[in-house]
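These values consider heavy atoms only, across backbone and side chains, with no hydrogens, waters or symmetry-generated copies. Remember, it's 1-based here, ligands and their atoms both numbered in the order they're listed.
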Amino acid sequence: MARDLSIAVCQTGPIQKSAQRPETVDRLVALLEKAAAAGAEIAVFPELALTTFFPRWRIDDRAEIEAFFEPAMPGPQTQRLYDAAARLRIGFALGYAELARVDGARFNTMDLVGQDGKLVGRYRKIHVPGSSEPEPGTTVHLERRYFEPGNLGFPVFVYRGVRVGMAICNDRRWPETYRMLCLNGAEIVLIGYNTPLLLDEAPAQAHLRMFHNHLPMQAGAYQNTVWVAAAAKAGVEDGQALIGGSCIIAPTGEIAAQAMSLDDEVIVHRADLDLIAVCRKVNFDFARYRRPDQYQLIADQV
Ligand code: CDT
């Protein structure tokens with residue numbers, strides 16, 4: 001029997017610092033409703049989808065920092081999104097700033113939520129970019145001030161019989177992300193991102209930003225024979241232009257669907273999961289051809 005899953009990428013426009021959580025959650029619910037109406041069975045939202053991308057600022061005030069974090073998911077202000085998932089029978093992956101319940105550690109996190117509105121699984125961003133203090137000549141990007149590196153590995157979860165992994169923004173640029181998820185059995189990789197349109201450190205590469213957005217995701221999909229669905233937070237957010245280009249990529253490396261705006265937008269594609277086996281047969285019969293005995297440096301050397 002043919003296997004497929006209809007995927008929605010829910011891109012958002014900017015979420016300004018002045019936006020209150022209920023207003024933002026309203027936008028996410030509206031996107032989820034559109035996705036469900038289009039027949040999607042799972043949706044992915046951006047990285048840090050509940051707030052502005054606050055690591056663009058150096059903040060010292062504890063209360064101000066904490067206001068960006070979720071101490072519980074769902075919480076009183078996000079419960080409506082989970083209720084919408086259960087009402088519409090559509091699961092979702094949502095990026096947010098997590099304040100860990102047990103030890104108060106802070107992570108850049110994405111949760112996978114089922115069609116019943118209950119948590120299926122959690123991923124914490126492994127490749128945390130930027131620095132903890134502003135560095136001269138580079139765009140201020142202080143994720144390392146606010147987040148610890150993820151400590152949950154690259155888990156894969158079963159959603160409606162389909163094996164789903166997650167990755168967050170900078171993770172998408174690293175081949176190890178896709179390979180680890182692939183080796184863990186992923187068939188679909190859901191990604192959320194917030195990517196500045198321009199970087200102070202590389203003004204001459206301005207024209208390559210969208211190419212460098214899609215290139216690693218297309219390569220990751222092709223070389224690991226997985227579907228990739230990636231949701232941007234796009235547009236001018238608190239004065240900083242964020243790239244759009246949200247997309248759904250097939251295991252052939254082809255972009256099957258792509259957002260056209262820099263605003264709230266839903267794109268949907270029915271992912272043919274049988275294509276994975278076809279692509280494996282063409283080039284990537286891992287069990288037959290991979291040579292892990294020759295790859296030791298990949299695990300041992302930074
Ligand atoms: N959010 C995130 O990971 N953004 C990074 C930009 C890093 S610039 C220091 C990205 O790879 O898009």
Side-chain angles (χ1 to χ4, degrees), residues 9 11-17 44-59 65 68-69 93-98 106-111 123-150 154 165-178 181 189-221 228-247 249 258-259 262:
V9 167
Q11 173 175 288
T12 72
I15 297 171
Q16 311 298 353
K17 189 179 180 199
V44 56
F45 292 107
E47 171 192 41
L48 299 180
L50 296 170
T51 63
T52 188
F53 189 77
F54 60 90
R56 70 170 66 89
W57 299 303
R58 185 186 189 286
I59 307 169
I65 295 169
F68 292 115
F69 282 79
L94 175 75
Y96 66 97
E98 176 197 359
R106 295 190 172 94
F107 298 100
N108 190 338
T109 295
M110 184 172 262
D111 278 357
Y123 170 72
R124 291 172 172 158
K125 186 175 185 175
I126 300 264
H127 301 98
V128 179
S131 50
S132 55
E133 294 290 339
E135 292 179 353
T138 63
T139 298
V140 180
H141 190 103
L142 303 181
E143 278 195 64
R144 285 174 172 240
R145 183 179 191 83
Y146 304 113
F147 299 118
E148 294 175 29
F154 293 96
M166 293 173 278
I168 303 178
C169 198
N170 191 257
D171 286 324
R172 78 191 187 287
R173 304 192 191 275
W174 297 83
E176 291 85 352
T177 300
Y178 306 92
L181 288 169
V189 177
L190 303 177
I191 300 175
Y193 60 97
N194 284 250
T195 291
L197 184 60
L198 298 171
L199 289 182
D200 294 345
E201 53 270 46
Q205 293 187 14
H207 65 295
L208 297 174
R209 294 296 285 163
M210 189 57 83
F211 175 60
H212 288 164
N213 176 34
H214 288 147
L215 175 70
M217 294 196 286
Q218 291 182 257
V228 169
K233 172 129 64 65
V236 181
E237 184 180 83
D238 290 311
Q240 183 179 46
L242 298 174
I243 206 169
S246 300
C247 55
I249 301 168
Q258 185 173 331
L262 292 173

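Y193 and D171 share no side-chain donor-acceptor pair at under 3.5 Å.
Of the protein's non-hydrogen atoms, the one nearest atom 11 (O) of ligand 1 is R173 NE, 2.7 Å. Summary of contacts: the protein heavy atom closest to atom 12 (O) of ligand 1 is T195 OG1, 2.6 Å. Summary of contacts: the protein heavy atom closest to atom 8 (S) of ligand 1 is H141 ND1, 3.8 Å. Here the protein heavy atom with the shortest distance to atom 5 (C) of ligand 1 is C169 SG, 3.8 Å.
Each of the following atoms of ligand 1 lies closer than 4.0 Å to a heavy atom of R172: 12 (O). Atoms of ligand 1 lying under 4.0 Å from at least one heavy atom of N194, given by number and element, are 1 (N), 2 (C), 4 (N). Contact atoms of ligand 1 toward E143: 1 (N), 2 (C), 3 (O) (distance under 4.0 Å to a heavy atom of the residue). Proximity to F53 (heavy-atom distance under 4.0 Å) selects the following atoms of ligand 1: 1 (N). Atoms of ligand 1 lying under 4.0 Å from any heavy atom of E47, numbered from 1 in the order shown and given with element: 1 (N).
Salt bridge annotation for R106-E148: absent, with no cationic side-chain nitrogen under 4.0 angstrom from a carboxylate oxygen. A salt bridge is absent between E237 and K17: the closest approach of a Lys/Arg side-chain nitrogen to an acidic carboxylate oxygen does not fall below 4.0 angstrom. Here R145 pairs with E133 in a salt bridge; the nearest charged N to carboxylate O distance falls below 4.0 Å.
Taking the six-membered ring where the residue is Trp, F53 and H141 present tilted rings, their angle falling between 30° and 60°.
Contact check for H127 versus T177: side-chain heavy atoms found under the 4.5 Å cut-off.
Considering backbone and side-chain N/O atoms, E201 never comes within less than 3.5 Å of an N/O atom of ligand 1.
For the ligand labelled ligand 1, residue H127 lies outside the 4.0 Å heavy-atom shell. Remark: distances from the non-hydrogen atoms of T139 to ligand 1 are all 4.0 Å or more.
When non-hydrogen atoms are compared, ligand 1 lies under 4.0 Å from neither the backbone nor the side chain of Y193. The side chain of K125, and not its backbone, has at least one atom closer than 4.0 Å to an atom of ligand 1 (non-hydrogen atoms only; side chain from C-beta on).
Here the side chain of S246 pairs no donor or acceptor atom with the backbone of A259 at under 3.5 angstrom.
Note: N108 CG to I126 CD1 = 11.5 Å, rounded to the nearest 0.5 Å.
Within the 6.0 Å centre-distance limit, the rings of F68 and F54 are counted as a close aromatic pair.
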